[in-house]
Amino acid sequence: MIEECRGKGISKQLIKTGFEQLKQEGYSEVRLSVFDGNRAIKIYENLGFKKTEQFL
């Protein structure tokens with residue numbers, strides 16, 4: 001990512017827009033898979049995702 005874009009809320013807005021689109025299409029749940037160490041985990045948690053550990 002370009003450093004000038006960091007901290008401006010762009011990722012949050014993109015994700016929120018995606019949530020709204022999915023809601024309009026009738027989805028009631030969104031799941032996300034993220035590797036440990038991903039710098040975006042805090043963004044996802046702030047948007048309501050809960051950290052779980054499920055392995056298949």
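- Phe49 and Tyr44 have perpendicular rings, their planes meeting at more than 60° on a 0 to 90° scale where under 30° would count as parallel.
- Taking OG from Ser11 and CG from Asn46, the interatomic distance works out to 12.0 Å, rounded to the nearest 0.5 Å.
- Here the closest non-hydrogen pair linking Ile41 and Asp36 is CD1-CA, 4.4 Å.
- Across Ile43 and Lys12, no two heavy atoms sit closer than the pair CG2-CG, 3.8 Å.
- Between Val30 and the choices Leu47, Leu22, Ile15, the side-chain contact (heavy atoms from CB on, under 4.5 Å) rule is met once, by Leu22.
- Residues Leu32 and Tyr27 share a single hydrophobic cluster, defined by chaining ILVMFWY side chains whose heavy atoms lie under 4.5 Å apart.
- For Gln21, the side chain to side chain donor-acceptor pair (under 3.5 Å) partners are Glu25, not counting sequence neighbours.
- Atoms CD and OG1, from Glu20 and Thr17 in turn, are 8.0 Å apart once rounded to the nearest 0.5 Å.
- Using a cutoff of 4.0 Å between basic side-chain nitrogens and carboxylate oxygens, Glu3 and Arg6 are scored as salt-bridged.
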